[in-house]
Amino acid sequence: MTMHRRQFVKIGCTCMIVPWVPSLLGCEGTRHVTGTLESTGISVLKSEFDVATKGGTAQREYIIVRNDKLEYPICLYRLSENDYSAILMKCTHQGTELQVAGDHLHCPGHGSEFNNKGQVTLGPAESSLRTFRVFSESPRLVIELK
């Protein structure tokens, strides 16, 4: 297949501009928060899921929780008002740090995918991700690290 210079420039410019469109339109990106390490686990405020909108407040689908004491971050999904899923972002195939893509996690190493409850949806990984129990202590959420 032959590509003409004009077509090459058009595709190249599109690839450079498209990733910036959400930020130019005011869309929220991934929220990274530093969790507070406690004796029972790591906590974050429920308000970290809040996103200001013109009509009030919306809720993020997930946040990424980090702490210097954790080797890998934890993806904390908000499944409903009182139901959360906390997943260690370490691929069970070869230990690569995962990337979040909406309602699933993706391994950039070999392409494994996991759903928002940590279950394998696409190999080569064969084992589910490590998950943690999440409980609410208003106004915080606590992720048990046991």
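In what follows, residues are counted from 1 in the order of the sequence shown. These figures come from a predicted structure and were not determined experimentally. Atoms considered below: every heavy atom in the structure, side chains included; atoms not considered: hydrogens, waters and symmetry mates.
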Residues A125 and S112: closest non-hydrogen pair is N-OG, 2.9 Å
In the structure I gave you, are the side-chain heavy atoms of K46 and P139 within less than 4.5 Å of one another anywhere? no
With no hydrogens and no angle check, just 3.5 Å: does a side-chain donor-acceptor pair link Y62 and S85? no
Exercise for review: Name the orientation class of the two ring planes belonging to F49 and Y84 (parallel below 30°, tilted from 30 to 60°, perpendicular beyond 60°).
Suggested key: tilted
Tightest non-hydrogen contact, residues L76 and A86, listed as CD1-CB, 3.9 Å
| message | With a 4.5 Å cut-off on side-chain heavy atoms, are V44 and L141 touching? | response | yes
* Treating Ile, Leu, Val, Met, Phe, Trp and Tyr as nodes and any side-chain heavy-atom pair under 4.5 angstrom as an edge, say whether I42 and V33 lie in one connected cluster. => yes
Output for pair (F114 CZ, C91 SG), nearest 0.5 Å, gives 4.0 Å
Here the pair of heavy atoms bringing P124 nearest to H110 is CD-O, 3.4 Å
*If we only count heavy atoms from C-beta on, is the L105 to Y77 side-chain gap below 4.5 Å?*
yes
- Y72 and I63: same hydrophobic cluster, using ILVMFWY side-chain contacts below 4.5 Å? yes
Quiz prompt | Heavy-atom donor-acceptor pair, R60 side chain to E48 backbone, under 3.5 Å | solution = yes
To the nearest 0.5 Å, atom OG1 of T40 lies from atom CD1 of I143 at 10.5 Å
For F135, the other hydrophobic cluster members (4.5 Å side-chain criterion, sorted by chain and number) are V142
Salt bridge (Lys or Arg N to Asp or Glu O under 4.0 Å) pairs touching residues 126-146, sequence neighbours excluded, are E38-R140, R133-E144, E137-R140
**Request:** Evaluate the side-chain contact (heavy atoms from CB on, under 4.5 Å) criterion for residues L98 and I87: first the C-alpha distance (whole Å), next the side-chain angles of each, then the deciding distance (0.1 Å), finally the verdict.
**Result:** CA-CA 10 Å; L98 300 173; I87 304 167; 5.7 Å; no
Are K117 and L79 packed together at the side-chain level, in the sense that at least one heavy-atom pair is separated by less than 4.5 angstrom?
yes
Result for side-chain contact (heavy atoms from CB on, under 4.5 Å) between M89 and one of V100, I74, T96, L70 points to V100
| So do D103 and N115 actually touch side chain to side chain, heavy atoms under 4.5 Å? | no
Closest heavy-atom pair, N67 versus G35, reported as atoms and distance to 0.1 Å, is ND2-O, 2.8 Å
Check: L37 and L145 side chains under 4.5 Å, non-hydrogen atoms
yes
By side chain to side chain contact (heavy atoms under 4.5 Å, CB included), T57 pairs with (sequence neighbours left out) D50, Q59
All heavy atoms of S128 vs all of T92, minimum pair found to be O-CG2, 3.1 Å
